[in-house]
Amino acid sequence: MSNRIPADLPAVDHDEEGRERRSYVIGLVLALVLTTGAFAVVWLDLLSGAAALGALGLLALVQAVVHLRFFLHIDLQRSHRDDLLLILFTVLILLIMVSGTIWILYDQHMRMMP
Amino acid sequence: MSLSERLHPGINLAGTDPESHEAAEEVLFGFWIFLMSDLVLFAVLFATYAAMSVQGIAEGPGPAQVFDLTAAFVETLLLLLSSFAFGFGMLAMKYRESRRAVLGWLLLTGGLGAAFVGMELHDYYVMITQHAAPPQASGFLSAYYLLTGTHALHVSSGLVWMAIMAVQVVVFGFTTPVKLRLMRLALFWHMLDVVWIGIFTFVYLFGVAS
């Protein structure tokens, strides 16, 4: 079970390895582009106000999906769907808690205004 | 046939080690559930920060005055490259089971991770000594140190875990338990990078942009 030598690995694995290697490289390149894009929005003042915040939020969302797809290998295959469902459920819980907190605290803050 | 299918997040061992692949499904799914609950923890800290960074500045300095975007950018690159290096380490484990290669990638991953933690500590030092922004100055700063500190603590414990795994690779070789532990550590490490996307966007970039 342990320490199997490389010689008994099927030859087809080399294609598989190349494919998985490419997946990480694609993920890295996309993540670098998205990160640099996000910082460029702020550094170069490409957008301002709500447009800037919206663009940054969108870039972050896309980058999170890139990381999940290419680094954590979450995809839409049926055998793999429990993991996806669990993360989607977590995101739902997370959105309810975060938006609820921000809403309630903002409301309280407004009521505290002199 | 089920063996060729993906059974869990991260690298699957189908094809090179069917036995470990079968054993992996349960433990990796369990760890995945833990990671999701960890995400909920971070979500609450993000929510606190979101409220505090707008309404909790009090008499203290605001986000745009204390954050150093260049440092945040370098930290982002360090963590991203570290995550990438771990990915290649996992491929070296899956296809070659070469101790040298895996240990080399682990060392690179850990080195980049340690540089990340070091830079963050330096950020804290600069903020506290030069910008008069210690955690007790305002609700915004308390929430900032709590959120980024929790993330840095996660990364640090990942580094300890990585050191332990390096020793296990040397002592035990690539047995099924060692492989499964490395696979869980990989999920943990990649997930911390996903959390960092939230931090550099909603803390640093939002703080300076708005």
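Numbers restart at 1 for each chain; the letters A, B, ... are given by sequence-line order, proteins then strands.
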Is the closest side-chain heavy-atom distance between A:M112 and B:Q55 below 4.5 Å?
no
Do the non-hydrogen side-chain atoms of A:L32 and B:F84 ever get within less than 4.5 Å of each other?
no
Going by heavy atoms in the side chains, are B:L91 and A:Y24 under 4.5 Å from each other?
yes
Should A:I74 and B:W32 count as side-chain neighbours, where that means a heavy-atom distance under 4.5 Å?
yes
Quick one: are B:F29 and A:L86 in side-chain contact, heavy atoms under 4.5 Å?
yes
Salt bridge between B:K94 and A:E17, side-chain N to carboxylate O under 4.0 Å?
no
Side chain from CB out, backbone as N, CA, C, O: work out which of these in B:F73 comes under 4.5 Å of a heavy atom of chain A, or both, or neither.
both
Per-residue contact mode, B:L28 against chain A (heavy atom under 4.5 angstrom)
neither
How about A:F71 and B:F86: are their ring centres within less than 6.0 Å of each other?
no
For the candidates B:V195, B:V54, B:L69, which exhibits the highest count of non-hydrogen atom pairs separated by less than 4.5 Å from chain A?
B:L69
For the student: nearest non-hydrogen atoms of B:A43 and A:V98, plus distance:
O-CG2, 3.5 Å
Interatomic distance, B:H190 atom NE2 to A:L68 atom CG [nearest 0.5 angstrom]
11.0 Å
B:L80 side chain reached by A:H67 side chain, heavy atoms, under 4.5 Å:
yes
Choice from A:L94, A:I102, A:L61, A:L34 maximising heavy atom contacts with chain B below 4.5 Å
A:L94
Side chains of A:T35 and B:I197: does their closest heavy-atom pair fall under 4.5 Å?
no
Taking only residues two or more places apart in sequence or in another chain, which ones pass side-chain hydrogen bond (donor to acceptor under 3.5 Å, both in side chains) with B:H154?
B:D38
Using non-hydrogen atoms and a limit below 4.5 Å, what part of residues 42-55 of chain A faces chain B?
A:V42, A:W43, A:L53
Report yes if the side chains of A:H73 and B:I11 come closer than 4.5 Å at any heavy-atom pair, otherwise no.
yes
Less than 4.5 Å to any heavy atom of chain A: does that hold for the side chain of B:T70, its backbone, both, or neither?
both
Looking only at heavy atoms, what is the nearest atom pair of A:G57 and B:T201, with distance?
N-CG2, 4.4 Å
So which part of A:V25 gets closer than 4.5 Å to some heavy atom of chain B, the side chain, the backbone, both or neither?
both
